[in-house]
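Below: one structure, written as structure tokens.
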Amino acid sequence: MKSKKLIIGNWKMYPASIEEARDKFTKIKKGASVLRNVQTIICPPFIYIGDLKKFITGRRVGLGVQNTWYENEGAYTGEVSPAQISSLGISSVIIGHSERRALGETDEMVNKKVSAALKAGLAVILCVGESERDRDGHYLKHIDNQIRIALRAVSRKDLPKIIIAYEPIWAIGKNALRAASAEDALEVSILIKKTLTSLYKKNADNVRILYGGSVNGKNAQEFLCNSQIDGLLVGRASLNPIVFSEILKSAENIK
Ligand code: PEP
């Protein structure tokens, strides 16, 4: 499993209509389903999941969601539970994306969501990352801390279901300062491995690590080759089937 590159598309709150969502998804699926070395997962808005699910055929392209709540039922207007997601046959959920943390999601909520999602059998794409870099390396401590809190009470046996996406906030979205460099991503992927080893010893190898933040058709290969990562979490570029296909092809051709 670990040898296939994992490329995840986060569609955020796009596109504006189901027709556009179908069009983009079917185009992406056509290219992605012939790639042997890549597992592609698209995370559209919840509202489109039921419809897009009808287009899923093989295992190379799947669907995930961008968030979950931490209880399986109750008076939580507007929320969607891990059990509901899993009952649709969806197997992955992004948790702790910086855009959700900016809306008030705390490390403790992220931790509860991770535990609830694992209990429902979902794979968790846990997002971590600093808002800015400082010369003294406080950002490394911040990421280490985010991981330790998020994985509190996560047992070794659940580690194959954990994927950690390093997403520096300053490199995400259209207001990004700049894309991170492959070295920036490498430094943090090494830190993540150290944190995991300190928590889980040898079993930490089971956790896949992704990079996300202004990935495009031109820089994808550089990250995949030089940052010791297992794949990418792609935002804006995953909404453009042509650019996203270039990213997928870069991943397919990594030796
Ligand atoms: C994201 O939303 O997770 C992301 C990485 O966005 P972008 O690729 O647009 O920077």
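Start at 1 and go down the list; that is how both ligands and their atoms are numbered. Here the structure is a predicted model, which means the values were calculated and not measured. As a basis for the values below, the full set of heavy atoms in this structure was taken, side chains included, without hydrogen atoms, waters or symmetry mates. Position 1 is the first residue of the sequence, and the numbers go up from there.
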Ligand-side contact atoms (ligand 1) for residue partner Glu167, heavy atom cut-off under 4.0 Å: 1 (C), 3 (O), 4 (C), 5 (C)
Atom 2 (O) of ligand 1: nearest protein contact (heavy atom, Å): Lys12 NZ, 2.7 Å
Arg178 side chain to Ser214 side chain, donor-acceptor N/O pair below 3.5 angstrom: no
Lys29-Thr57 side chain donor-acceptor pair, cut-off 3.5 Å: yes
Min N/O separation Gly235 to ligand 1 under 3.5 Å: yes
Ligand 1 versus Lys174: contacting region, heavy-atom distance under 4.0 Å: neither
Close approach of Ala176 to ligand 1, heavy atoms, under 4.0 angstrom: no
Trace of the salt bridge (charged side-chain N to carboxylate O under 4.0 Å, His left out) decision for Lys5 with Asp230: CA-CA 5 Å; Lys5 294 294 177 204; Asp230 304 293; 5.3 Å; no
Enumerated ligand 1 atoms positioned under 4.0 Å from heavy atoms of Gly213: 5 (C), 10 (O)
Per-atom contacts of ligand 1 with His97, taking only distances under 4.0 Å to non-hydrogen atoms: 1 (C), 2 (O), 3 (O)
Donor on one side chain, acceptor on other, Thr106 and Arg101, under 3.5 Å: no
Which residue and heavy atom of the protein sit nearest atom 9 (O) of ligand 1, plus the separation: Arg236 NE, 2.6 Å
Pairing residues for Glu108 by the side chain to side chain donor-acceptor pair (under 3.5 Å) criterion, not counting sequence neighbours: none
Atoms of ligand 1, numbered as shown, that sit under 4.0 Å from any heavy atom of Gly173: 7 (P), 9 (O), 10 (O)
Contact (N/O only, under 3.5 Å) between Ile172 and ligand 1: no
Subset of ligand 1 atoms that lie under 4.0 Å from at least one heavy atom of Asn10: 1 (C), 2 (O), 3 (O)
Geometric class of the Phe25/Trp11 ring pair [parallel <30°, tilted 30-60°, perpendicular >60°]: perpendicular
Short side-chain donor-acceptor distance under 3.5 Å, Tyr139 and Glu187: yes
Cationic N near anionic O, under 4.0 Å, Arg36 to Glu252: no
